[in-house]
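Heads up: the structure comes next, in structure tokens.
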Amino acid sequence: MYEDDIESVLITEDQVQAKVHELAAQISKDYGGRQVLLVGVLKGAFILMADLARHLTVPHEFDFMAVSSYGSATQTSGVVRILKDLDRGIQGRDVLIVEDIIDSGLTLSYLVKNLRSRRPATVEVCALLYKPEQLKTDIDVKYKGFEIPSVFVVGYGLDYAEKYRNLPYVATLRPEVYRSG
Ligand code: IMP
Ligand code: MG
């Protein structure tokens, strides 16, 4: 099935799982004694959010936001629109934004600003992947998984045209996949 479309695996399932466990341990230590509000950025973050939460040893709640960034293309538009906002207010809360990947950083930098304006106690960011060469804005990502080169990747929540999110690893697609649409 989807496996046939894969060009190469950048990060294996074992590597992803070890890193998620490590991030959860760090977060649990840093937030000891506090209640964390995990804010997942849909849809890409849903897999990371689920795996991360199951390793957390601090009490936590979930909320989600959906923002538009890519459509089905592989280039960022830079335009951020809130498609789904948080269910509840976050004033005084310790907010941890959970993202799949930081590419230009434009989506995240908008989100951080937007959430800060709601006067939470703290706002931090956890992202599994980030592409340092692509960063167009100054953002502080406290919990970072892997740095990757500027290539388009799928798997572990990340999609191409809404597909491949279920793959347990992070991989690149064969060029003919983009051509056939
Ligand atoms: P940014 O605003 O450029 O940082 O874009 C971030 C969003 O673009 C992520 O949340 C992803 O949904 C999407 N994105 C960026 N790079 C990739 C990629 O390599 N594969 C799949 N989606 C990506
Ligand atoms: Mg996303």
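Just follow the structure's listing: the first ligand is 1, and inside any ligand the first atom is 1. Bear in mind the structure is a predicted one, so any value in this text is a computation, not a measurement.
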List the atom of Asp94, the atom of Gln35, and the distance in Å for their closest heavy-atom pair. CB-O, 3.9 Å
Classify the ring geometry of His60 against Phe62: parallel below 30°, tilted from 30° to 60°, perpendicular beyond 60°. perpendicular
With side-chain hydrogen bond (donor to acceptor under 3.5 Å, both in side chains) as the test, would you mind laying out the steps for Tyr156 and Asp51 before giving the verdict? CA-CA 10 Å; Tyr156 204 73; Asp51 281 350; 2.7 Å; yes
Please could you name the atoms of ligand 1 that Glu99 approaches to less than 4.0 Å, counting only its heavy atoms? 10 (O)
Enumerate the atoms of ligand 1 whose separation from the nearest heavy atom of Asp159 is less than 4.0 angstrom. 21 (C)
Is it true that Leu108 lies under 4.0 Å from ligand 1, counting heavy atoms only? no
Say whether Val151 and ligand 1 are in contact under the criterion: heavy-atom distance to a ligand atom below 4.0 Å. yes
Looking at ligand 1, is there an atom of it that comes within less than 4.0 Å of some heavy atom belonging to Gly105? yes
Numbered in order shown, the ligand 1 atoms found under 4.0 Å of a heavy atom of Lys131 are 16 (N), 17 (C), 18 (C), 19 (O)
Kindly confirm or rule out an N or O of Ile102 lying under 3.5 angstrom from an N or O of ligand 1. no
If I compare all heavy atoms of Val151 with all of Ile148, which pair ends up nearest, and what's the gap? O-CD1, 4.5 Å
Which atoms of ligand 1 have any heavy atom of Ser104 under 4.0 Å away? 1 (P), 2 (O), 3 (O), 4 (O)
Do any heavy atoms of Ile101 fall under 4.0 Å from ligand 1? yes
Numbering as shown, the atoms of ligand 1 that approach Thr107 to under 4.0 Å (heavy-atom distance): 1 (P), 2 (O), 5 (O), 6 (C)
Can you list every ring-ring contact (aromatic ring centres under 6.0 Å, His included) pair that touches residues 13-36, not counting sequence neighbours? His21-His55
Mind listing the closest non-hydrogen atom pair of Val16 and Val170 along with its distance? CG2-CG2, 4.4 Å
Within-shell test, Leu158 vs ligand 1, heavy atom, strictly < 4.0 Å: yes
Lys43: heavy atom below 4.0 Å from ligand 1, yes or no? no
Taking ring-ring contact (aromatic ring centres under 6.0 Å, His included) as the cut-off, I'd like each qualifying pair that reaches into residues 103-145, sequence neighbours left out, listed once. none
Main-chain N/O of Asp87 paired with Asp63 side-chain donor or acceptor, under 3.5 Å: yes
